[in-house]
Amino acid sequence: MDNKVEMGGTKIGIITSGAPYNYVKEVFGDGVSVLKLGMINPLPEKLIRDFASKVDKLYVVEELDGIIENHCKSIGVSVVGKELFGYLGEFSQKTVAEKFGLKAKETVCADSEIPARPPVMCAGCPHRGMYYVLAKNKIRVLGDIGCYTLGAQPPLSALDSTLCMGASVSGLHGFNKALGGDSQKNTVCVIGDSTFMHSGMTGLANIAYNGSNSTVIILDNSITGMTGHQQNPTTGYNIKGDPAAKIDLEALCHVLGIKSVRVVDPYDLSECETAIKEELAKDEPSVIISRRPCALLKYVKPKKALSVNTDKCRGCKKCMGLGCPAISFKNKKAVIDATLCVGCGVCKQLCAFGAMESEEDNK
Ligand code: SF4
Ligand code: SF4
């Protein structure tokens, strides 16, 4: 925070937070006084009043709702905010410049030379094996919200829909009720353990109570992956990491009315394939729990990386179909990056030529 005189002799100040702070700095540099708030709840009343007393005109630059603005007004500090910036859209330095009647700075656009790098599931991600089997068998998959939504990306392209949290399970029920017949023998939903606890179990109760012939796959990686490894009621720890009551997923599914509940290891492709085929063939609702902890959990120790025997590799690229970021292709052969590979062994199950070798193979 400093004091500068700008904008036609009027000493202006800007209160901002998060990404909009960067846009303000790009536009004004050190030319205006800026109060950057690191936290917007609780808001610092005294700091804001002090800042306001040192400027002639005060602006609030914040995206979406006027949280800071409303707080300032509620404590009697006059600010200009949403009447200038509006509630919609994402800000940029161009937005900020234009709203202040300034010319936006020239920007450089780096276009086609940079390849797209979409987010991918991690090397050794336990969801990969299950997705591979679903895609291989051309199963229609209703997806849900979590790190596992990344299974919609090529090369797996395993998900056919994703709507909102819990919609995979309730959607599957409606889908199967509406279409029935052979369709329900070829359709499943996938939902993470955490999302299941959040909003999937109500849908499962609906499936059991109203009797749709649905197969629900719970992708149990024993953590809430997407948002940064928060605990959930199935892990046995509360959000602070203290021991807590652990919900037994199998028992919960039974108590909701599902008789057929089985657990598989997603690193075992043939076990997954057998389970999917058998559960889809049944004339009753069922649950498959695909259980393997997230490869990034501290207590999950990686195995030694696999390597490719280049004499055996025929360059068929079948292993590339997994989308494991540790596998690439060079000089017509597969290559494994030993710094990424966690030795899960899923790719090894795909290679018909025995080219993927693990530590045991080389003993
Ligand atoms: S599946 Fe086997 S043979 Fe085919 S590219 Fe991969 S390592 Fe080589
Ligand atoms: S064993 Fe294969 S699939 Fe597993 S992390 Fe290593 S390269 Fe990826």
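Start at 1 and go down the list; that is how both ligands and their atoms are numbered.
- Residues meeting the side chain to side chain donor-acceptor pair (under 3.5 Å) test with E284, sequence neighbours left out: none.
- Residue-and-atom listing of protein N/O/S atoms under 2.8 Å from atom 2 (Fe) of ligand 1, sorted by chain and number: C351 SG.
- The shortest side-chain heavy-atom distance between S161 and F175 does not fall under the 4.5 Å cut-off.
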Given the rule in the side-chain hydrogen bond (donor to acceptor under 3.5 Å, both in side chains) test, do S33 and K54 qualify, once you have shown the distances and angles that lead to the verdict?
-> CA-CA 9 Å; S33 299; K54 291 173 188 156; over 6 Å; no

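- Closest to atom 4 (Fe) of ligand 2 among all protein heavy atoms lies C344 SG, 2.3 Å.
- When the side chain to side chain donor-acceptor pair (under 3.5 Å) test is applied to D56, no partner is found at least two apart in sequence or on another chain.
- Around NZ of K282, the count of heavy atoms belonging to other residues, nucleotides or ligands within 6.0 Å exceeds 12.
- Under the rule for a side chain to side chain donor-acceptor pair (under 3.5 Å), N238 has no partner lying at least two apart in sequence or in another chain.
- One finds no salt bridge joining E69 and K82 here, because no Lys/Arg side-chain nitrogen approaches an Asp/Glu carboxylate oxygen to under 4.0 Å.
- Within the listing of ligand 2, atoms 1 (S), 5 (S), 6 (Fe), 7 (S) sit less than 4.0 angstrom from a heavy atom of C341.
- Panel note: side chain R314, backbone A352; no donor-acceptor pair is recorded below 3.5 Å.
- Considering each of G323, C122, C324, the one bringing a non-hydrogen atom nearest atom 8 (Fe) of ligand 2 is C324.
- The shortest contact between atom 1 (S) of ligand 2 and any protein heavy atom is with G345 N, 3.2 Å.
- Residue L88 qualifies as open at atom CG: its count of foreign heavy atoms under 6.0 Å is 12 or below.
- Per-residue contacts place I327 under 4.0 angstrom from the following atoms of ligand 2 (heavy atoms of the residue considered): 7 (S).
- Below 4.0 Å from some heavy atom of K317 lie the following atoms of ligand 1, by number and element: 4 (Fe), 5 (S).
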